[in-house]
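Taking it in order: structure first as structure tokens, then the write-up.
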Amino acid sequence: MKNRPIVFLGTSSFSLKTLAALCKARFNVVGVYSRAPKPAGRSYKVQKSVVHEYADEMGIPVYCPKNFKSDEEIDQFRALGADLAILSSYGLIIPQVLLNIPSHGFINVHASLLPRWRGAAPIRSAILAGDDKTGITVMRMDAGVDTGEIISMKSVDIFPETCHGELANKLGELGAEMILETLDDLDLHLSRSRQQPLLGISYSKKISKDLCRICWNDSVKNILRHIKAFSPEPASWTEIDLQSNEEKRSNIRLKVYDAKIVNFPANAPCGLIHENMIVSCQNGALWLTEVQADGKNRMSGDDFLRGRRNLVGKIAR
RNA sequence: CGCGGGGUAGAGCAGUUUGGUAGCUCGCCAGGCUCAUAACCUGAAGGUCGGAGGUUCAAAUCCUCCUCCCGCAA
């Protein structure tokens with residue numbers, strides 16, 4: 001497989017690990033597909049995806065079609081003459097015509113133990129659901145959403161303190177390793193692939209900004225999972241009402257990156273802020289250990305409260 | 001030129017509108033009280049107010065330019 005042409009499709013930093021591993025191991029990556037650069041960030045500049053940037057550095061040609069509906073795009077893909085395509089959190093649906101092009105088909109690196117958490121946000125879904133483990137599934141792609149035959153699977157523990165960032169990082173590395181293992185003897189692995197179980201199927205939804213808002217009426221466990229699942233990106237957030245005009249802004253928007261469960265005040269109203277940035281929830285309280293207010297740097301909850309002692313006793317919503 | 005917030009002691013902030021001795025809550029250091037402590041008391045150190053220029057008798061504060069950090073939106 002070492003010298004056979006491979007096409008890589010991916011967009012996120014999760015998928016970058018696999019591409020980087022392929023390049024390091026000197027596989028013959030003849031083309032990279034990634035999501036089209038789009039305006040983003042503070043100055044609204046057009047930005048390439050991390051995978052795109054990396055491929056540029058490596059001198060690999062990059063393609064960013066909006067979809068694969070036109071013959072042009074399909075012909076272009078065919079022209080690369082790849083024997084195999086490797087896909088990892090790419091972002092576009094791959095039609096059957098395209099799947100048929102490489103002689104060895106498409107291989108996908110998916111960050112869950114399939115068939116659990118098929119779809120867009122498998123890692124967050126696992127944390128949100130309170131799963132105690134998740135993992136990587138390497139599979140052959142078919143036209144369905146993450147429904148292909150399984151080549152290999154490895155699991156990783158999720159601890160209560162695990163956040164999305166570190167988990168995604170860990171899984172990205174595991175995925176890269178597993179792809180290298182697969183390529184070590186591709187034919188053997190392909191011949192051993194097996195269908196996904198029919199039981200235990202679940203789908204993960206795409207996340208929205210709304211979903212990231214903390215609901216303080218929820219249980220401490222659920223809120224902590226929520227915080228972990230969205231940390232550090234895009235981060236759970238809440239708003240603190242300042243009622244009067246004692247501050248210039250009428251309220252403060254606060255991102256919460258990390259928290260710990262504490263059994264401090266019982267029976268306090270949900271959302272009530274106590275000393276040290278401890279906030280009451282349904283059946284306990286969370287100590288917000290790492291936060292960030294609008295326009296400010298990330299800091300500990302203690303520090304945040306230091307210059308805003310008037311916040312104790314206010315309600316987070 | 002997408003919209004907006006910010007840079008003041010090691011940390012988090014006030015002070016800028018109306019120019020006139022550099023402040024608060026912590027931390028740090030020393031001492032004291034305690035069986036003891038993250039508690040309490042006393043004392044001390046620590047800042048060319050992001051940078052450059054300008055106005056002024058006088059600039060953290062007013063004017064111009066630069067730079068760095070951050071939130072929103074997409």
Atom pairs and distances, side-chain donor-acceptor, residues 184-192 of chain A, under 3.5 Å, sequence neighbours left out:
unit_1, atom_1, unit_2, atom_2, d
A:D185, OD1, A:L188, N, 3.4
A:D187, OD1, A:H104, NE2, 3.3
A:H189, ND1, A:T182, O, 3.4
A:H189, ND1, A:D185, O, 2.9
A:S191, OG, A:D187, O, 3.4
A:S191, OG, A:L188, O, 2.6

What does the list of N/O pairs under 3.5 Å between the protein and nucleotides 25-28 of chain B look like, with a distance for each?
unit_1, atom_1, unit_2, atom_2, d
B:U25, O4', A:R309, NH1, 2.9
B:C26, O2', A:R306, NH1, 3.1

### Task
Find the distance A:D302:CG to B:A38:P and express it as a whole number of Å.
16 Å
### Query
Applying a 3.5 Å limit to both distances, which nucleotide forms a Watson-Crick or G-U wobble pair with B:G31?
B:C41
### Query
Does any nucleotide pair with B:G53 by Watson-Crick or G-U wobble geometry, both distances under 3.5 Å, and what is it?
B:C63
### Message
Is a donor from one side chain sitting under 3.5 angstrom from an acceptor on the other, for A:D142 and A:T147?
### Response
yes
### Query
Taking only residues two or more places apart in sequence, or in another chain, which ones meet A:K48 in a side chain to side chain donor-acceptor pair (under 3.5 Å)?
A:D56
### Query
Excluding sequence neighbours, so at least two apart, what forms side chain to side chain donor-acceptor pair (under 3.5 Å) with A:T238?
A:W216
### Query
For B:C26, which nucleotide is its Watson-Crick or G-U wobble mate, given both distances must be under 3.5 Å?
B:G10
### Query
Ring centres of A:Y33 and A:F77 under 6.0 Å apart?
yes
### Query
Tell me the side chain to side chain donor-acceptor pair (under 3.5 Å) pairs involving residues 84-103 of chain A, sequence neighbours left out?
A:S12-A:S89, A:S15-A:S89, A:Q96-A:N100
Distances for protein N or O near nucleotides 65-67 of chain B N or O, under 3.5 Å:
none

#### Entry: B:G71 base / A:R42 side chain donor-acceptor hit below 3.5 Å
yes
### Message
Using OP1 and OP2 only, check whether a side-chain N or O of A:K45 sits under 4.0 Å from B:A74.
### Response
no
